[in-house]
K.L.:
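This is the structure, below, for whatever I ask next.
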Amino acid sequence: MDFKVIETKWQKFWEEHPELYLAKDESDKEKKYVLVEFPYPSGSGLHVGHAFSFTGGDVYARFKRMKGNNVMFPMGWDAFGLPTENYAIKTKRKPQEVTKENTDMFRSQMKRLAYSFDWSREVNTTDANYYKWTQWIFIELFKKGLAYKKEVPINWCPSCKTGLANEEVVDGKCERCGEGVERRTISQWVVKITEYADKLIDGLKETEFIEKVKQAQVNWIGKSEGARVKFKIKGRKEVLEVFTTRPDTLPGATFMVMAPEHEIALELARSKEDVREYLKIARSKSEMERTELSKEKSGVFSGLMAINPVNDKEIPIWISDFVLASYGTGAIMAVPAHDERDHAFAKKFGLPIVPVINVEGWDFEDKAMVEVEKGAEFMKMLDWVEDEGIGKRCSSYHLRDWIFSRQHYWGEPIPMINCPKCGWVPVPKTDLPVVLPEIEAYEPTDDGKSPLSKIDSFVNCKCPVCGGEAKRETDTMPNWAGSDWYFLRYIDPHNDTDIASAELMKKWMPVDVYIGGDEHNTLHLLYSRFIYLFLKDIGAVPKEISEPYFKRISHGVILGTDNQRMSKSKGNVIVPETVADKFGVDVLRLYLMFMGPFESTMAWNENTLMGVKRFLDKFNRFVIKHKKSLSDSSNKSKLIINKTIVGVDKDLENFSFNTVVAKLMEAVNEIDVISVEDLKKLVQLCAPLAPYLTEELWQSLGEDSSVHISEWPESNKEYLTEEVIQLPVAVNGKVKDKIEIEFARIAEKDYVDLLVSKSEKLKKILESNKIIREIYVPGKMLNLVVKENKG
RNA sequence: GCCGCUGUGGUGGAACUGGUAUACACGCAAGACUUAAAAUCUUGUGACCUCAACAGUCAUGUGGGUUCGAUUCCCGCCAGCGGCACCA
């Protein structure tokens, strides 16, 4: 049978019957919200990674639909972003046009691969009707004081000409283009995600993310508990405050260190030559150099002395770039006896090392004793610090506030207006969206301003508060902004008055299963959980649904045949369309699911793919051969079919697709005589994986509606037990023989013993051995513990 | 350094709640059909010992432990992968 003919035929049929895959708002059936990460529609089309992820989601969605669930399986486009902008610049075209072309291409490729998306709910982050709500969310953040403008040293990518969030800098390089990142100070919008740090940790309890994902989130937030402690500075009014997780080591604090960006350090630089010189050197180092040169410490004495509140000793305050300005208070108390970094610093600059706890055989001049347990002294010192009023308990986080401004064209305009009289004023809801104007030149500029800043008609506006002349913000939002909340918009994609109706959100939320890549397990998941928790706090989403995603499945990665990550430069890229052209969509889908466990990394292998093709051909021949069958299934076949139903059902539920395929192969290998009725069941079991072939076969078996909305077969317990089973008999734990026994009599131990006594093999063993113990697990196995007969 | 994960034939990988390890597939070998090839079908295929069969021995990274019985549970080690990392 020619797969091309079948594909064309059924694709047309499905196109004419979109109702097959619609999620129904008014249905009483149990809902199932299956979400796959929406793609960035790049110019190169769907790649294997997409196909793998979407096929997994599609198989699950189809399975659930046949099981009688009201399934929501939507798709959309995360279409803002640099590649489109760069491509538009290069080809002198409009990003809007390019995006349209790319999404059209993606959509048609997806339809060909038979993904059962509900296309009536399609969203696109670059639609003004969509980003209106992205902008609205930003305004709400601003109103709650969670978005603020700040002069911040940012990571500037000289190649992309934009600021980057800390999260987008990998090893000191731009995550996107790999260019070394520079430090610049620019006025930026910043979102206080840190305010939600604890909620983001606690909320994980409400989810069923796998441990890996939960840990990644917890580590990223990086909570540590301790105290802030104030140190007096000799001869000055201000104090130097530090954060420490170990107040019990206060007596061992023999010096202090400030980050070069610390206010006091900056002030001293004005009057002290050596401080000024050091700050200059520190600033010239990139973030990467600072962390790379971790072994060798550098620093300068500030000239100031602090007072250790525990013993009133004067201790020197140093300035060093090993202390981070962005963590804690930007200054530390150094306890060289109990911290490796402080120890290294003390050794280098000849500062005293005073142990707090004495450990036998420890040479504190040689190394720091770090692993000291928090004991009673810890609590005592914490209380003391609070009683004396020199500090208080608090937590500190690795998580930083989220830099939200980008200096690019192709993103959501930040809907803020700067009025000389009123300051920053949000655009009123009624004026949303702030539409991205279609302009001629998209080139980013070196001065750190978005191309929008050159469009006077966009920039100049009236202040919504006082009506005076004002100017619009010209920065745009980061890529994450549109993808933070898209799962809400699918629920009610055409709503003009709200993000989505509360009633519908109550019906559909939370997302039951969210399928995506490992690369989004930290940032995207954290950002979108944050936005959801925020929307919940302001009452924009139902408060009874505590977390947006219930379960997260992170699919694996498909490597090239050379076991390397696919990349154009390596020439090992597999294009799903090409595979589909050659072998058909069903083969591609089935192969992707059969390669290995859904969550693991696997290499592409054409041999295995041929095996899958062979199976589908065989399956097709098998159905055709038996479809005129007039006889009932044999007992053996009945058993196989019912076992297969149970197994496939369970494995699909657990996303164990590779074993589903194996079970179907087994069934086809083993079945001898089969009735048409049972044959249909087999076709149904295969339907989620191979939608085209099964639709064709389903029809050829006399059905006239789609197999994909047929009712999932149920197993019949009556046929699930074998009449005769092979009972393994082990001697001292090793299987020596198998005895045939009627299933109905497995509980009769006497009968089992009788059978054992008839086995030649066992007889032989028992001649020279004596049974000292028997363990019988009815139906499972019999274990004889024996001892050699002596004499 | 910290956190998480993985380790099973020549290969991808199965194995429920501690109960027949190696399902399914690939590859390989032999055979059938064919002028031939492809396709298809049949048989065999963990290692060692044996002409072969029977029997036996050893095998789930490694060393121990618990157990009648361990790929599965516990402890130690080794190797690899992923995330975080001068976070006080």
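Residue numbering restarts at 1 for every chain, and letters A, B, ... go by the order of the sequence lines. Values below: every heavy atom of this structure, side chains too, minus hydrogens, waters and symmetry copies. The model shown is predicted, which means the values in this text are computed figures rather than measured ones.
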K.L.:
Which part of the nucleic acid, if any, lies within reach of A/Met333 when heavy atoms closer than 4.0 Å are counted: base, sugar-phosphate only, or nothing?
P.N.:
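Result for A/Met333 = nothing.
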K.L.:
By a strict heavy-atom criterion of less than 4.0 Å, which residues belonging to residues 655-667 of chain A are in contact with RNA chain B?
P.N.:
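Heavy-atom cutoff 4.0 Å gives A/Asn658, A/Thr659, A/Ala662, A/Met665, A/Glu666.
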K.L.:
With the side chain of A/Asn783 defined as its heavy atoms from C-beta on, choose the nearest nucleotide among B/G69, B/A88, B/A14.
P.N.:
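Of the candidates, B/G69 comes closest.
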K.L.:
List in chain and number order the residues that pass salt bridge (charged side-chain N to carboxylate O under 4.0 Å, His left out) with A/Lys770, two or more places apart in sequence or in another chain; answer none if no residue qualifies.
P.N.:
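Checked A/Lys770 against salt bridge (charged side-chain N to carboxylate O under 4.0 Å, His left out); zero matches.
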K.L.:
For A/Ser224, report the nucleic acid contact type (base, sugar-phosphate, nothing); a contact means any heavy atom under 4.0 Å.
P.N.:
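Sugar-phosphate, no base atom in range.
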K.L.:
Have a look at A/Asn607 and say if it touches a base, only the backbone sugar-phosphate, or nothing, with a 4.0 Å heavy-atom cut-off.
P.N.:
sugar-phosphate
K.L.:
What nitrogen or oxygen pairs link the protein and nucleotides 39-47 of chain B at under 3.5 Å?
P.N.:
none

K.L.:
Of the options B/A25, B/G13, B/C86, whose atoms approach the side-chain atoms of A/Ser600 most closely?
P.N.:
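Of the options given, the side chain of A/Ser600 lies nearest B/G13.
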K.L.:
Remember a base hit wins even if backbone is also touched, and classify A/Gly611 as base, sugar-phosphate or nothing at under 4.0 Å, heavy atoms.
P.N.:
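A/Gly611: backbone/sugar contact only, no base atoms under 4.0 Å.
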K.L.:
Output the single nucleotide from B/C3, B/A88, B/C24 whose closest atom is nearest the side chain of A/Asn219.
P.N.:
B/C3
K.L.:
Extract from the structure each pairing of a protein N or O with an N or O of nucleotides 53-58 of chain B at less than 3.5 Å, listing the distance.
P.N.:
unit_1: B/C58; atom_1: OP2; unit_2: A/Lys734; atom_2: NZ; d: 3.3

K.L.:
Tell me which residues in residues 772-781 of chain A lie within less than 4.0 Å of RNA chain B, going by non-hydrogen atoms.
P.N.:
A/Arg773, A/Ile775, A/Val777, A/Lys780, A/Met781
K.L.:
Nearest heavy-atom pair of A/Pro260 and A/Ala265: which atoms, and what distance?
P.N.:
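Smallest interatomic distance, heavy atoms only, reads O-CB, 3.8 Å.
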K.L.:
Nearest-Å distance, CG (A/Leu399) to P (B/G83)?
P.N.:
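Computing the A/Leu399:CG to B/G83:P distance gives 19 Å.
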K.L.:
By side-chain hydrogen bond (donor to acceptor under 3.5 Å, both in side chains), which residues pair with A/His262, not counting sequence neighbours?
P.N.:
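So A/His262 forms no side-chain hydrogen bond (donor to acceptor under 3.5 Å, both in side chains) with any residue.
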